[in-house]
Amino acid sequence: MLKKILVVCSLLFSILYAEEEELILHVRAKKGLSSLYMSTPKLIQSKFSDSYIEKLNQLIRQDFEFNGLSDLKKHDPSVDKILANKPHEIFKNLPARHTLAFEIHGKIWKTTLFSAAISLGIKQEDIHLTGHLHSDALLLHKLSDAIHFEIYNTPGIASKKILYSVQKGSNPHLSEIWLKHFDCLEGEQITYENSTSINPILIPNSNQFIYTCYKFGQPKLFISDLDKTTGSPLIQFRGNQLLPSISPVGNFIAFISDASGRPDLFVQQLSHTHKLLGKPQQVYSHKTATQASSSFSPDCCKIAFVSDQSGTPRVYLIDLSETIKTRKIPKIKCISNLNRENTSPSWSPDGKKIAFSAKTNGVRQIWIYDLESHQELQVTKGLGHKENPRWAANSLHIIYNTTTPTFDLFVVNLNQINPVQLTHGSGVKHYPYWEQKSH
């Protein structure tokens with residue numbers, strides 16, 4: 001019975017409640033985005049098939065089409081002809097604020113960036129293509145991020161890793177951790193525990209990740225490397241261990257455990273080498289409530305978490321630094337009041353917003369709480385439940401999973417609210433986690 005309660009805790013009591021008036025997020029109009037033109041690659045003794053080149057072309061176009069800052073212009077053969085034969089003349093009639101010209105010489109992808117302020121264009125670093133789609137996709141994503149920084153003076157997210165859990169087949173107790181990037185290519189399975197493996201989180205600036213695994217019966221926190229197929233228990237601690245989260249600098253892990261009799265919020269301190277420092281500390285408990293998923297503020301001083309102490313799951317904030325110092329039950333602040341069944345908070349890396357899932361008119365939607373205006377704003381609309389939102393490192397994109405009509409991963413950004421589907425095919429894809437900034 002307890003195990004069933006704790007599993008339900010990750011979804012937090014799917015019970016119908018009445019909702020109040022919706023506040024819809026107003027997004028930036030398309031005219032507010034920066035215009036960008038991208039040529040189709042000019043082929044010079046290319047070593048690859050036309051269909052393969054087209055796949056690569058679509059991958060890099062998607063990086064900019066959905067980056068939240070670019071207004072990507074449609075392909076124009078007349079512009080491509082100028083870029084291919086007389087690129088110096090492109091300045092007589094620039095097709096966009098920024099223009100990218102691509103060429104493939106044999107196996108080398110070459111890129112030149114043109115803008116009104118630079119008459120000769122800027123050569124980007126060459127890419128040596130391999131002919132293997134996933135490898136070349138990652139090379140293109142890194143190129144996209146470099147160009148993104150060149151144009152917008154802010155890091156891109158195309159090459160950031162996305163971890164998630166996939167349940168394949170009919171056995172609900174068999175799921176593994178997968179890895180992919182911000183594209184529509186199928187991900188790669190990275191764990192083979194032959195058990196239930198869920199809730200992956202990446203340790204900042206490392207090749208390691210943490211996840212919940214039922215390999216030994218009870219759910220426990222495991223740690224593994226991205227190049228290994230199995231992990232090992234992280235914390236020797238009694239009771240069930242669920243729903244891990246990690247601080248932005250990797251010095252604390254928060255998780256839910258029933259070690260004290262009820263599902264409560266605990267934190268575990270880590271060293272700079274990710275070794276355990278001391279024992280887990282209980283930071284929040286309530287005698288009549290179940291605590292659930294959590295997220296750290298960027299300065300690691302606060303935690304957003306879920307509790308049903310008011311009768312329905314809501315998102316609360318606590319002061320972590322004061323709690324660890326005094327070891328007293330902290331005062332809490334509720335930030336999700338418009339809807340019932342608020343779950344899975346995720347603090348944006350810039351510290352300004354907290355995303356969460358909330359049942360809205362009977363459908364679970366993604367909302368954000370703006371910490372500056374103190375408003376709750378609805379991000380997603382339409383049919384189908386959306387759950388487990390997680391921010392990208394740019395504090396602009398949010399990844400989440402659906403549970404109806406398909407079990408897939410989608411991404412929205414606050415400037416382009418139409419969702420982009422990242423996964424397809426069979427299997428239940430859920431609990432996404434997007435790699436954060438490097439420090």
Side-chain angles (χ1 to χ4, degrees), residues 7-28 68 164 243 289-295 304-317 332-348 352-392 395-423 428-434:
V7 171
V8 171
C9 157
S10 66
L11 300 176
L12 279 172
F13 318 117
S14 297
I15 310 168
L16 284 172
Y17 290 92
E19 276 73 19
E20 301 179 25
E21 183 180 0
E22 301 176 17
L23 292 175
I24 305 298
L25 178 71
H26 295 284
V27 303
R28 181 189 296 184
Y164 58 108
L243 302 170
T290 292
Q291 280 51 251
S293 47
S294 63
S295 181
F305 72 104
V306 173
S307 176
D308 67 343
Q309 59 191 269
S310 67
T312 183
R314 297 192 186 278
V315 179
Y316 295 86
L317 303 184
I332 63 174
K333 175 185 177 182
C334 180
I335 63 168
S336 59
N337 295 296
L338 289 183
N339 301 281
R340 305 275 184 158
E341 293 190 54
N342 306 268
T343 67
S344 305
S346 176
W347 213 307
S348 64
K352 296 179 179 180
K353 300 176 182 68
I354 296 174
F356 57 95
S357 177
K359 184 169 281 188
T360 311
N361 296 325
V363 179
R364 302 194 65 79
Q365 304 287 1
I366 306 303
W367 286 66
I368 59 174
Y369 177 79
D370 190 306
L371 288 151
E372 296 177 335
S373 68
H374 306 292
Q375 284 187 308
E376 295 175 61
L377 303 171
Q378 185 176 345
V379 177
T380 62
K381 298 180 68 176
L383 301 176
H385 296 300
K386 298 102 180 164
E387 299 178 342
N388 300 307
R390 289 294 178 268
W391 290 94
S395 298
L396 180 63
H397 292 70
I398 301 173
I399 190 170
Y400 60 90
N401 68 260
T402 57
T403 60
T404 55
T406 65
F407 298 88
D408 283 297
L409 305 185
F410 288 78
V411 171
V412 296
N413 72 71
L414 302 188
N415 291 338
Q416 298 165 300
I417 215 64
N418 291 331
V420 179
Q421 186 171 348
L422 295 191
T423 61
V428 177
K429 284 80 70 175
H430 51 179
Y431 302 114
Y433 186 88
W434 215 327

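Quick caveat, the model's predicted, so the values are computed rather than measured.
Residues P345 and A304 come closest through the heavy atom pair CG-O, 3.8 Å. Contact detail for S344 and N388: the closest heavy-atom pair is OG-OD1, 3.1 Å. The heavy-atom pair separating T290 from D308 by the smallest distance is N-OD1, 2.7 Å. Taking all atoms of both residues into account, the shortest heavy-atom contact from Y164 to K429 is CE1-CG, 3.7 Å. When every heavy atom of N415 is checked against every heavy atom of G68, the shortest pair comes out as ND2-O, 2.8 Å.
In this structure the side chain of Q378 never reaches within 4.5 angstrom of the side chain of L338, judged on heavy atoms. Looking at heavy atoms from C-beta onward, L371 lies in side-chain contact with I354 at the 4.5 angstrom threshold. The shortest distance between side-chain heavy atoms of T380 and I398 does not fall below 4.5 Å.
For T403, the side chain to side chain contact (heavy atoms under 4.5 Å, CB included) partners at least two apart in sequence or on another chain are H385, E387, N401, F407. Every side chain to side chain contact (heavy atoms under 4.5 Å, CB included) that T402 has, sequence neighbours left out, goes to K386, Y400, T406, D408, F410. Under the rule for a ring-ring contact (aromatic ring centres under 6.0 Å, His included), Y316 has no partner lying at least two apart in sequence or in another chain. Applying the ring-ring contact (aromatic ring centres under 6.0 Å, His included) criterion to W347, with sequence neighbours excluded, gives no partner residue. Every residue two or more places apart in sequence or in another chain that forms a ring-ring contact (aromatic ring centres under 6.0 Å, His included) with H397 is listed here: F182. Applying the side-chain hydrogen bond (donor to acceptor under 3.5 Å, both in side chains) test to Y369 and every residue at least two apart in sequence or in another chain returns H374.
A distance of 8.0 Å separates CG in N342 from CG in N337, rounded to the nearest 0.5 Å. Put simply, OG on S346 and CZ on F356 are 11.5 Å apart, with the number rounded to the nearest 0.5 Å. Atom CG of N361 is separated from atom NZ of K381 by 10.0 Å, given to the nearest 0.5 angstrom. We find the CH2-CD1 distance between W391 and I399 to be 13.5 Å, quoted to the nearest 0.5 Å. To the nearest 0.5 Å, the span separating OG on S348 from CG on L414 amounts to 9.0 Å. Annotation: the span from L317 atom CG to I335 atom CD1 amounts to 4.5 Å, rounded to 0.5 Å.
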Query raised in the report: Can V379 and V412 be said to form a side chain to side chain contact (heavy atoms under 4.5 Å, CB included), step by step?
Result: CA-CA 8 Å; V379 177; V412 296; 3.7 Å; yes
Query - Working for side chain to side chain contact (heavy atoms under 4.5 Å, CB included), residues Q365 and K359 - result: CA-CA 6 Å; Q365 304 287 1; K359 184 169 281 188; over 6 Å; no
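Judged purely by atom type and a 3.5 angstrom limit, S336 uses its side chain to pair as donor or acceptor with the backbone of V315. Remark: side-chain polar atoms of D370 are not paired, donor with acceptor, to backbone N or O of Q375 under 3.5 angstrom. For the pair R364 (side chain) and G384 (backbone), a donor-acceptor distance under 3.5 Å is absent. No donor-acceptor distance shorter than 3.5 angstrom exists from the side chain of Q291 to the backbone of S307, with no hydrogens or angles considered.
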